[in-house]
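Working notes for the structure below.
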Amino acid sequence: MTEIAQIAQIFGQQQPIMYGFIGNTIANVEKPKQVLDNIVQVMRSEDLLLFEVQIIDLYKLEPRNFQRTISSIQAEYENISFRKFAFSALLQNVFLNLTPIETDDFYTVEVSSNDWQNYGQVIQIDCFFENKSTKPLHIILVEEENIILNPQEKIRLYRSRKFLQSILHNFIEASSLRILEEEMYLHEEKGTGFVVMMLQRQK
């Protein structure tokens, strides 16, 4: 990030820089706070950060709606288009002695509600390649290294999160940022969508 900031400032002739952290990327990383802090550390007071995150409405997490919400999100990530996307990186880097149908059968989605680093409740989605057979599965990496995936063992293919808007505000404030503008796009029936924010370092 330091090198990126230096290049941006050189090409920007020391003018304010607008960084972009979009595509719900913050939801896919293991340590979101650390990643965002890395960006904030190189931002100057006049720089801006365009920030996009998937959100979920609070009413969808109420007890009477909760199970239906989990099932709906699970179906979203189990559809064939997303399944192909989730598998793409694995299939480019390993050889699996499986038919396409068998590969699909080994795809698993887990949706859970977690307390997210003390900021509050979030919905977490994990997609796995799981050995659902009764025998060890031999996987050959592109470097021709052979690894064994035992029954019920998993390889995580993808992680995502859907945040409550209030949780995002707590997270952003804890990252020494302030919200200049925000625009929310929410599908009323599904209760999910995304929010786009323009952020700046707290002075």
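Rounding to the nearest 0.5 Å places NE2 of His138 at 10.5 Å from NZ of Lys135. Atom CG in Leu164 sits 14.5 Å away from atom CZ in Phe171 (nearest 0.5 Å). Atom CZ in Arg161 sits 9.5 Å away from atom CD1 in Ile125 (nearest 0.5 Å). Taking CD of Glu181 as the reference point, atom CG of Leu50 lies at 12.0 Å (rounded to 0.5 Å). Note that OG of Ser112 is 10.0 Å distant from CD1 of Ile73, once rounded to the nearest 0.5 Å. Within the model, atoms CG of Leu96 and CZ of Phe87 stand 8.0 Å from one another, a figure rounded to the nearest 0.5 Å.
A perpendicular orientation is assigned to the rings of Tyr158 and Phe82, their planes being inclined by more than 60° (bins at 30° and 60°).
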Assess the residue pair Leu137 and Phe129 against the criterion (side chain to side chain contact (heavy atoms under 4.5 Å, CB included)); give the C-alpha distance rounded to whole Å, side-chain angles, the decisive distance to 0.1 Å, and a yes or no. CA-CA 11 Å; Leu137 179 64; Phe129 174 76; 3.6 Å; yes
Do Asp126 and Val111 pass the side chain to side chain contact (heavy atoms under 4.5 Å, CB included) test, and can you show the C-alpha distance, the side-chain angles, and the key distance before you say yes or no? CA-CA 7 Å; Asp126 286 303; Val111 182; over 6 Å; no
Report the C-alpha separation of Arg159 and Glu30 in whole Å, then their side-chain angles, then the decisive distance to 0.1 Å, and conclude whether the salt bridge (charged side-chain N to carboxylate O under 4.0 Å, His left out) test is met. CA-CA 9 Å; Arg159 165 167 288 178; Glu30 288 289 343; 3.5 Å; yes
Going through the distances and angles, do Gln34 and Asp37 end up as a side chain to side chain contact (heavy atoms under 4.5 Å, CB included)? CA-CA 5 Å; Gln34 180 179 323; Asp37 284 347; 5.6 Å; no
With side chain to side chain contact (heavy atoms under 4.5 Å, CB included) as the test, would you mind laying out the steps for Ser175 and Lys33 before giving the verdict? CA-CA 7 Å; Ser175 301; Lys33 179 68 164 56; 3.4 Å; yes
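Across all their heavy atoms, Leu61 and Ile123 have their closest contact at CD2-CD1, 3.6 Å. When all heavy atoms of Arg201 and Leu177 are compared, the pair lying nearest together is N-CD2, 3.9 Å. Between Ile167 and Gln121, the shortest heavy-atom distance links the atoms CG1-O, 3.6 Å. Among all heavy-atom pairs drawn from Arg83 and Tyr107, the shortest one is NE-CD2, 3.5 Å. Of all non-hydrogen atoms in Ile17 and Arg44, the two that sit nearest each other are CG1-NH2, 3.5 Å. In terms of heavy-atom proximity, Asn24 sits nearest to Asn28 at O-OD1, 3.3 Å.
In this structure, the side chains of Thr25 and Phe51 stay at 4.5 Å or more apart for every pair of heavy atoms. By the 4.5 Å heavy-atom criterion applied to side chains, Gln54 and Phe163 are not counted as neighbours.
When atom types are taken as modelled, the side chain of Ser72 and the backbone of Thr69 share no donor-acceptor pair closer than 3.5 angstrom. Checking side-chain atoms of Asn65 against main-chain N and O of Tyr59 turns up a donor-acceptor pair under 3.5 Å.
Crowding of Lys132 atom NZ: a count of heavy atoms from other residues, nucleotides or ligands under 6.0 Å exceeding 12. Enclosure of atom CZ in Phe11 is not indicated, since only 12 or fewer non-hydrogen atoms of other residues, nucleotides or ligands lie within 6.0 angstrom.
Residues Phe194 and Ile26 do not share a hydrophobic cluster, clusters being chains of Ile/Leu/Val/Met/Phe/Trp/Tyr side chains in contact below 4.5 Å. There is a path of hydrophobic side-chain contacts, each under 4.5 Å, that joins Leu180 to Met18. Cluster annotation: Leu58 and Ile56 are assigned to the same hydrophobic cluster (Ile/Leu/Val/Met/Phe/Trp/Tyr, side-chain heavy-atom contacts under 4.5 Å, transitive). Each of Ile22 and Met184 belongs to its own hydrophobic cluster when Ile, Leu, Val, Met, Phe, Trp and Tyr are linked at side-chain heavy-atom distances under 4.5 angstrom. No continuous path of hydrophobic side-chain contacts links Val196 to Phe21 [ILVMFWY only; heavy atoms under 4.5 Å].
Lys162 has a carboxylate O that lies under 4.0 Å from a charged side-chain N of Glu76, or vice versa, which qualifies the two as a salt bridge. In summary, Asp57 and Lys60 do not engage in a salt bridge, as defined by a charged side-chain N under 4.0 Å from a carboxylate O.
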List, one per line, each side-chain donor-acceptor pair under 3.5 Å for residues 145-154, sequence neighbours excluded.
{"from": "Glu153", "atom 1": "OE1", "to": "Asn150", "atom 2": "N", "distance (Å)": "2.8"}
{"from": "Lys154", "atom 1": "NZ", "to": "Glu110", "atom 2": "OE2", "distance (Å)": "2.3"}

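For Arg178 and Gln200, the side-chain atoms include at least one donor-acceptor pair closer than 3.5 Å. Between the side chains of Glu130 and Thr108, at least one donor N or O sits under 3.5 Å from an acceptor N or O.
Of the residues Leu199, Ile172, Leu168, Val195, the one that meets the side-chain contact (heavy atoms from CB on, under 4.5 Å) test with Glu182 is Val195.
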